[in-house]
There are 2 protein chains.
Amino acid sequence: MKHITIKDVARKLNVSVSTVSRAFNDKYDIRTETKELILKTAEEMGYRPNPIARKLIQQRSLNIGIIVPEFVNSFFPEVIMGAQEILLEKGYQVLIMQSNESWETEFNNVKTMVDNMVDGLIISLSCENQNIENYKKLIDSDMPIVFFNRVVEDLPASKVVFDDFKWAFFATEHLLVQGHRDIVHLTGPKNLTLSKNRLKGFDAAHRKYKVPLGRKVACSFSMEAGAKVALEMIENKEVPSAIFAASDQSAIGAMKVFKEHGYEIPKDIAFVGFSESRLAEHIVPALTSVSQPTRDIGQTAANLLLEQIETKGLFVPQTIVLNGRLNVRESSMKI
Amino acid sequence: MKHITIKDVARKLNVSVSTVSRAFNDKYDIRTETKELILKTAEEMGYRPNPIARKLIQQRSLNIGIIVPEFVNSFFPEVIMGAQEILLEKGYQVLIMQSNESWETEFNNVKTMVDNMVDGLIISLSCENQNIENYKKLIDSDMPIVFFNRVVEDLPASKVVFDDFKWAFFATEHLLVQGHRDIVHLTGPKNLTLSKNRLKGFDAAHRKYKVPLGRKVACSFSMEAGAKVALEMIENKEVPSAIFAASDQSAIGAMKVFKEHGYEIPKDIAFVGFSESRLAEHIVPALTSVSQPTRDIGQTAANLLLEQIETKGLFVPQTIVLNGRLNVRESSMKI
DNA sequence: AAGGTTTCCGAAAACGTTTCCGAAACAAAA
DNA sequence: TTTTGTTTCGGAAACGTTTTCGGAAACCTT
């Protein structure tokens with residue numbers, strides 16, 4: 001079965017190709033009757049303009065690409081949905097790719113997107129410091145990009161981020177106020193800015209309350225990592241009075257191990273997570289966590305991108321910092 | 001900044017456009033030295049073939065589209081990752097879209113994908129009976145498609161599904177064996193085949209054990225729906241001895257309400273869910289659930305699709321049924 | 001009736017490739 | 001030497017659009 005092209009329509013109606021094109025593009029220089037006639041018979045024939053050809057000549061696609069490092073956790077999907085909401089509204093289609101936390105596939109993803117001539121990109125980096133040269137080139141070549149969540153400072157692009165410092169501060173403060181003086185921080189991947197900021201917030205809270213800085217333990221964003229760290233603590237008999245984890249996943253993994261070893265939460269050890277996962281309010285005890293405005297992140301990223309696309313060129317990158325909330329639950333409540 | 005085209009490369013080397021093209025396409029009729037020379041200087045100039053133009057002429061893209069109804073739950077993301085694994089391997093890029101459970105956006109997604117000339121589609125339907133005419137047309141026009149998870153019978157395409165009947169049967173049987181005689185089934189959306197099959201399995205187990213068929217309550221795949229149903233049961237004083245839910249979400253939502261009303265699980269009421277969510281093993285009590293081989297689903301779907309693409313035309317649609325597992329946990333344990 | 005505008009449309013170039021066809025150039029065979 | 005074959009390459013058409021340019025017709029204006 002062959003595709004029906006603009007030529008078929010033109011031939012059928014004995015008009016020129018350009019006239020048909022005009023009908024489909026709302027050009028001013030066409031009589032309304034002929035336009036309607038063309039539209040009608042085109043519809044009947046089942047003709048739809050081929051966007052590939054259109055892209056080739058127009059150099060735009062009405063497609064937006066979103067690249068995320070993973071999406072088995074609900075965080076990124078929720079962000080994507082937020083972005084999609086407003087992009088669909090504006091007539092854009094949203095293409096999603098996931099990099100599996102590998103900067104190499106991330107790079108390939110970007111290539112595919114660019115090759116497909118997306119009009120803009122929304123990206124959350126998988127790792128830092130790997131692709132930034134490529135991104136710099138891309139930005140130089142005027143590709144509209146906005147980064148979110150996982151960003152790197154020295155990239156001249158719009159960013160929408162979360163105030164990790166502030167909320168890590170609040171989360172730690174919450175534990176300090178409850179009387180905890182021996183808090184361990186499970187950090188995130190070292191190379192992520194967001195990890196650094198959460199760590200800084202953790203320290204800052206200690207300083208404010210004139211408490212000696214708490215210990216930090218390296219730990220990635222997974223339950224397994226949290227569990228492993230917890231086990232080590234128990235074996236080394238270095239169990240703190242509270243744990244502030246840089247992610248809900250690691251917090252939950254650790255909680256599980258402590259529970260299995262007979263520790264009572266929050267009596268024996270208190271927990272605070274970060275970046276509210278779906279699990280947080282359903283596990284027992286419910287996990288105190290900092291929740292990020294996922295949907296909002298997606299929406300502002302999308303709006304920023306659209307703005308940039310429309311003003312093309314004369315656009316100065318903005319960084320938008322969004323606010324969160326500390327959901328206090330049982331896992332950190334004083335008894 | 002303008003794109004570097006094949007012409008630029010050709011001009012620079014004083015060769016023709018076709019020669020450059022040949023160099024990039026491993027054609028036989030080109031001398032190896034010139035080929036290497038071209039490849040080298042093209043690399044230096046930063047030239048990469050424009051896939052849009054290539055698609056236009058070749059009518060293929062090396063892109064595969066995957067469309068899912070949602071991805072805030074881990075199920076679909078995991079399937080996608082399975083598919084992506086094997087597709088990337090074969091040199092395909094994977095474009096993902098999500099329909100938000102709306103058949104209309106699903107339809108638009110399909111259009112976008114087709115317009116972008118994907119070489120094949122992997123789809124999980126959002127609702128049945130809405131788009132099937134469109135899909136029939138698409139299949140007629142030789143677009144390779146494989147459906148998974150949410151499928152509709154009378155579509156002549158490959159499918160990879162889960163044996164919902166069998167595992168609903170086992171899940172119910174598990175409850176019956178534990179002595180429960182008053183089991184309520186929270187069904188999924190009525191129009192989905194998988195809901196129907198799970199319901200049939202539920203009934204079949206009853207019949208095998210010569211127990212009067214249990215009650216069914218309509219309930220969609222969300223925690224809220226489960227909670228609402230649970231509340232009604234409590235208010236109407238129609239609390240059964242066990243609940244078999246068609247999804248973990250509804251099970252968990254219901255569990256929460258029952259716990260809040262002082263019911264002890266599994267003593268007062270037992271629970272079994274379906275389609276193992278990440279929550280299942282982390283809530284308290286841990287939820288017994290049927291787990292699906294998500295990664296495997298994605299992989300077989302991808303393989304089926306590739307096979308279909310390669311054998312083009314002379315391909316007979318297959319339906320592959322995958323196996324699962326019943327993870328028995330506290331929520332359904334006899335005391 | 002002449003001139004000037006406006007409205008509508010067709011021809012053709014362009015976007016960046018691939019591919020078909022044929023032509024050099026050269027070697028091998030007669 | 002001529003013929004045949006092989007290798008390597010260039011020219012040009014094609015993919016399906018959009019867009020520029022120009023021209024014909026129709027409509028006004030004096």
Side-chain angles (χ1 to χ4, degrees), chain A residues 1-39 41-43 45-63 111-112 114-119 141-142, chain B residues 1-39 41-42 45-63 111-112 114-119 141:
Chain A
M1 192 189 119
K2 284 264 47 70
H3 271 166
I4 302 154
T5 81
I6 201 173
K7 284 179 196 159
D8 301 321
V9 181
R11 203 165 326 146
K12 174 132 180 177
L13 288 175
N14 261 333
V15 294
S16 76
V17 183
S18 16
T19 310
V20 179
S21 173
R22 271 188 274 261
F24 272 88
N25 292 46
D26 269 345
K27 288 302 169 80
Y28 57 96
D29 55 349
I30 183 172
R31 205 171 37 184
T32 29
E33 325 166 24
T34 55
K35 172 171 155 186
E36 276 158 14
L37 177 65
I38 290 174
L39 254 33
T41 62
E43 166 79 30
M45 297 174 67
Y47 165 75
R48 284 223 322 283
N50 179 334
I52 301 278
R54 180 179 270 171
K55 275 185 221 181
L56 187 58
I57 187 131
Q58 289 194 145
Q59 316 277 25
R60 70 184 294 231
S61 63
L62 284 179
N63 286 172
K111 276 203 287 197
T112 312
V114 172
D115 289 348
N116 279 289
M117 291 193 181
V118 292
D119 295 342
S141 73
D142 271 342
Chain B
M1 190 190 122
K2 285 265 47 70
H3 270 166
I4 302 154
T5 81
I6 200 173
K7 285 180 196 158
D8 300 321
V9 182
R11 202 165 327 144
K12 175 132 181 177
L13 286 175
N14 261 333
V15 294
S16 77
V17 185
S18 16
T19 311
V20 180
S21 173
R22 272 188 273 261
F24 272 89
N25 292 45
D26 269 345
K27 287 304 168 81
Y28 58 96
D29 53 350
I30 183 172
R31 205 171 37 184
T32 29
E33 326 166 23
T34 57
K35 172 170 153 186
E36 275 159 14
L37 177 65
I38 290 174
L39 253 33
T41 63
M45 296 173 70
Y47 165 75
R48 283 222 322 281
N50 179 333
I52 301 277
R54 181 178 270 172
K55 276 185 220 182
L56 187 58
I57 189 132
Q58 289 197 146
Q59 316 278 27
R60 70 183 293 230
S61 63
L62 283 178
N63 285 171
K111 275 203 287 197
T112 311
V114 172
D115 290 349
N116 279 289
M117 291 193 181
V118 292
D119 295 343
S141 74

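Chain naming here is simple, since letters A, B, ... match the order of the sequence lines and numbering starts at 1 in each. The analysis underlying the following values was restricted to heavy atoms, covering all of them including side chains, and did not include hydrogens, waters or symmetry mates.
Atoms CG and OG1, on A/Leu13 and A/Thr34 in that order, are 10.0 Å from each other to the nearest 0.5 Å. Rounded to the nearest 0.5 Å, atoms CD (A/Gln59) and CD1 (B/Ile52) are 9.0 Å apart. Residue B/Glu36 holds its CD atom at 10.5 Å from CD1 of B/Ile38, rounded to the nearest 0.5 Å.
Partners of A/Arg31 by side chain to side chain donor-acceptor pair (under 3.5 Å), not counting sequence neighbours: none found. In terms of the side-chain contact (heavy atoms from CB on, under 4.5 Å) criterion, residue partners of B/Asn63 (sequence neighbours excluded) are, by chain and number, A/Thr112, A/Asn116, B/Lys55, B/Ser61, B/Gln93, B/Leu95, B/Val118.
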Side-chain donor-acceptor pairs under 3.5 Å in residues 17-27 of chain B, sequence neighbours left out?
residue, atom, partner, partner atom, Å
B/Ser18, OG, B/Ser16, OG, 3.0
B/Thr19, OG1, B/Ser16, OG, 2.9
B/Asp26, OD1, B/Lys35, NZ, 2.8

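For the pair B/Lys55 NZ and D/dT17 P, the computed distance is 15 Å after rounding to whole Å. Look at CD on B/Gln59: it is 11 Å from C1' on D/dA14, rounded to the nearest Å. Between the CD1 atom of A/Ile52 and the P atom of D/dT18 there is a distance of 13 Å, given to the nearest Å. Separating the CG atom of B/Leu13 from the P atom of D/dT8 is a distance of 17 Å, rounded to the nearest angstrom. Between the CG atom of B/Leu37 and the C1' atom of D/dC9 there is a distance of 14 Å, given to the nearest Å. In this structure, CZ of A/Arg31 is placed 11 Å from C1' of D/dA26, rounded to the nearest angstrom. Nucleotide D/dG16 holds its P atom 7 Å from the CE atom of B/Met117, rounded to whole Å. In this structure, A/Arg11 atom CZ and D/dT17 atom P are separated by 12 Å, rounded to whole Å.
Other residues, nucleotides and ligands contribute over 12 non-hydrogen atoms within 6.0 Å of the CD atom of A/Gln58.
Listed by first and then second residue, the salt bridge (charged side-chain N to carboxylate O under 4.0 Å, His left out) pairs that reach into residues 10-20 of chain B are B/Asp8-B/Arg11, sequence neighbours excluded.
Within the helix from C/dA1-D/dT30 to C/dA30-D/dT1, the inter-axis angle between the opening and closing five-pair segments is 50°, rounded to 10°.
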For each nucleotide in nucleotides 17-26 of chain C, reading 5' to 3', give B when a protein heavy atom comes within less than 4.0 Å of its base, S when such contact involves only the sugar-phosphate, and - otherwise. BBBB------
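Closest non-hydrogen pair, A/Tyr47 versus A/Ile4, comes out as CD1-O, 3.2 Å.
Among the atoms of the strands shown, only primed sugar atoms or phosphate atoms (P, OP1, OP2) are found under 4.0 Å from some heavy atom of B/Asn14.
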